[in-house]
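Right, one structure below, let's go through it.
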Amino acid sequence: MNSRSQAATYRPSPLLPSTPVGRQLQWLCEVSLRLPIPESELRAHTSLPTLGLPAGLHVESFRAQPREAERRAFAVVRDAVGDRHHVILRTDAAGRIRSLRFTPVPGSWAQLSDQIAGLAPRASLLAAEIDRSGQVLPVHGVEPGVARPIGAAAVLYVIGALAHAVGQERMRWDEPLAVRDVWKSDLRSPIGALPDGAMLSLRRYADDAIFSGDASAIDHLVGRLGRGAVEAQQVRFQHAQIGANLPFLTTREASQLKMHPRVSEEYLATDGPRARLEYLRDVVAHLPRPTEWPDEPRFTDSVEWFASPADVVRAFAGLLAQADEQPVLGAVLGQQGTASLALDAGRWPVGWSKGGVEPGVVTENFLARTQDGRTFAVSLMVSDPDRPLDVDATRAVLRASAAGAFALLAA
């Protein structure tokens, strides 16, 4: 069959919207039937030197990035030989393809394990079902009980502590809280950039903490709750190694310690959680707020928040029980949902996600519920204490792996 007759067989996918990213993905599928792409046509659609397209693509599922639906999207596509690929597509202001990633979606647990193991020296995962009673039923894991650094994913315990306080009627989701300089971690973040005294609801802080990992939003919640409330929530969520997170650091404290290696060493040399808490109050609290962050891993095995994939899945199970009583919590956790996995929203109507990224650390964690009410969770963690990871490439592989995991779980 020549390229002209191949092109004639293409039928536009009804899954794709008439947006810049939707139109470009439609074109990618159409042009994959008549490779190679003429140079003039390629230049009309992208400034990238090449696209590396598999042949014969068709779309299985498509999801736009929340708050960026015009310019960023995710898809799962199948090629001419039947292999599945996870796609991340971004367009520029002119609607041309700015970046494009195709990552293989593993079709077996063995392929998934190998894919994760190749990312970093330290890798863990757990794929599990959470039954209607809240029990975690493991299906597949790689060192699922080994604690790893989790970065901003630690906010799951903060949000759980907030929901617990709301459930006890000690706080309200719509309760106002003033922005305070002492709780600002990063002045460039949406919350950090606000003037002191600006009044926001606890729901707004929670939204920003989950959606973008706003460090200042997280620290405002920890400040309102109290450090001890977050530490207690780890017990309620059955964290297996709570001592690794005592005292529970604010994001500002973690940044201050990582930017001052000598101070970190003194902090780590103190005798136990009580002495460390005193050191945070007496020394770290007086350090200037960080204005820059290291490009290389620093103290990822010591000045951090830690959890295993099993811990995170148990936290999801606990949050799920809380969300049954507080629909607001489900809305907070579901802001991005499983869009980055391109799970079919019809088959998977409920989705939560929270990742964590810093030099040498990438984790992606997801919960999704099927149309018939079965709930699954996938937690993937990779880290390298010696070298920074390629964040975009690593997240792409983790997301493709998670997409494969949910397909395997549902099957």
Side-chain angles (χ1 to χ4, degrees), residues 109 112-128 136 138-160 213 215 218 230-231 233-235 237-249 251 253-255 257-258 264 268 294 296-319 340 352-367 377-402 405:
W109 292 120
L112 191 155
S113 297
D114 290 344
Q115 191 158 283
I116 298 300
L119 290 174
R122 301 176 183 179
S124 296
L125 72 93
L126 178 63
V136 173
V139 175
H140 178 74
V142 174
E143 298 189 341
V146 176
R148 306 286 187 197
I150 60 171
V155 74
L156 293 174
Y157 296 101
V158 179
I159 297 299
I218 295 171
V230 182
E231 293 167 350
Q233 194 61 39
Q234 295 177 100
V235 178
F237 282 169
Q238 303 177 56
H239 193 296
Q241 301 166 69
I242 296 167
N245 294 327
L246 297 179
F248 191 93
L249 296 171
T251 67
E253 289 166 342
S255 298
L257 286 166
K258 288 177 183 287
S264 287
L268 295 169
E296 74 284 351
R298 289 191 186 178
F299 300 98
T300 56
D301 288 338
S302 52
V303 179
E304 252 295 340
W305 305 272
F306 298 94
S308 68
D311 289 326
V312 170
V313 172
R314 284 192 292 269
F316 272 143
L319 289 162
S340 65
W352 298 350
S353 62
K354 189 70 199 104
V357 173
E358 64 179 73
V361 175
V362 181
T363 176
E364 295 281 0
N365 308 284
F366 302 93
L367 176 145
V378 176
S379 175
L380 310 108
M381 303 178 179
V382 295
S383 60
D384 187 333
D386 300 316
R387 289 177 296 277
L389 301 171
D390 182 330
V391 171
D392 288 345
T394 302
R395 295 187 85 178
V397 173
L398 292 181
R399 289 166 174 174
S401 299

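Predicted, not measured: the structure shown is a model, and the values here were computed from it.
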With sequence neighbours excluded, residues passing side-chain hydrogen bond (donor to acceptor under 3.5 Å, both in side chains) with Glu358: Lys258

I need the minimum non-hydrogen distance between Asp384 and Asp386, along with the two atoms involved. OD1-N, 2.9 Å

Take Arg298 and Val303 through the side chain to side chain contact (heavy atoms under 4.5 Å, CB included) test and state the conclusion after the steps. CA-CA 8 Å; Arg298 289 191 186 178; Val303 179; over 6 Å; no

Applied to residues 302-313, the salt bridge (charged side-chain N to carboxylate O under 4.0 Å, His left out) test, sequence neighbours excluded, yields Asp311-Arg314

Which residues share a side chain to side chain contact (heavy atoms under 4.5 Å, CB included) with Ala393, sequence neighbours left out: Arg101, Asp390

Kindly write out the residues that satisfy side-chain hydrogen bond (donor to acceptor under 3.5 Å, both in side chains) with Ser255, not counting sequence neighbours, or none if the list is empty. Trp293

Could you tell me if the side chain of Gln238 sits less than 4.5 Å from the side chain of Val136, heavy atoms only? no

Work out which heavy atom in Thr363 is nearest to a heavy atom in Ile150; give both atom names and the distance. CG2-O, 3.3 Å

Smallest heavy-atom separation, Ile218 atom then Gly213 atom, equals CD1-O, 4.2 Å

Give, for atom NE2 of His239 and atom CZ of Phe306, the distance between the pair rounded to the nearest 0.5 Å. 9.5 Å

Please enumerate all residues that pass side chain to side chain contact (heavy atoms under 4.5 Å, CB included) together with Ser353, with sequence neighbours excluded. Gln336, Phe366

Glu143 and Ala123: which non-hydrogen atoms are nearest, and at how many Å? OE1-O, 3.9 Å

Taking only residues two or more places apart in sequence or in another chain, which ones pass side-chain hydrogen bond (donor to acceptor under 3.5 Å, both in side chains) with Ser113? His140

Taken in chain and number order and not counting sequence neighbours, the residues that satisfy side-chain hydrogen bond (donor to acceptor under 3.5 Å, both in side chains) with Ser124 are Arg148

Walk me through whether Phe299 and Leu257 qualify under side chain to side chain contact (heavy atoms under 4.5 Å, CB included). CA-CA 9 Å; Phe299 300 98; Leu257 286 166; over 6 Å; no

Leu246: side chain to side chain contact (heavy atoms under 4.5 Å, CB included) partners, not counting sequence neighbours: Glu231, Ile242, Pro273

Please round to the nearest 0.5 Å and tell me the distance separating atom OG of Ser401 and atom CG of Leu112. 4.5 Å

To the nearest 0.5 Å, what is the distance between CZ (Arg395) and OG (Ser340)? 7.5 Å

Between Val146 and Pro309 the two heavy atoms that sit nearest each other are O-CD, 3.7 Å

Taken to the nearest 0.5 Å, the spacing of Glu364 CD from Met381 CE works out to 11.0 Å

Show your reasoning for whether side chain to side chain contact (heavy atoms under 4.5 Å, CB included) applies to Leu398 and Val362. CA-CA 9 Å; Leu398 292 181; Val362 181; 3.6 Å; yes

Closest non-hydrogen atom pair between Ala120 and Ser383, with its separation: CB-O, 3.5 Å

So Val382 and Thr394, do their side chains get closer than 4.5 Å, heavy atoms only? yes

Hits for side chain to side chain contact (heavy atoms under 4.5 Å, CB included) against Pro297, two or more places apart or cross-chain, chain-then-number order -> Thr300, Pro359, Pro388

The reported gap from CG in Leu126 to OG in Ser308 (rounded to nearest 0.5 angstrom) is 8.0 Å

Backbone N or O of Asn245 within a donor-acceptor pair of the Trp305 side chain at under 3.5 Å? no

Apply side chain to side chain contact (heavy atoms under 4.5 Å, CB included) to Leu119 and Leu389, showing your working. CA-CA 8 Å; Leu119 290 174; Leu389 301 171; over 6 Å; no

Please report, to 0.1 Å, the donor-acceptor pairs under 3.5 Å made by any side chain of residues 151-160, with sequence neighbours excluded.
none

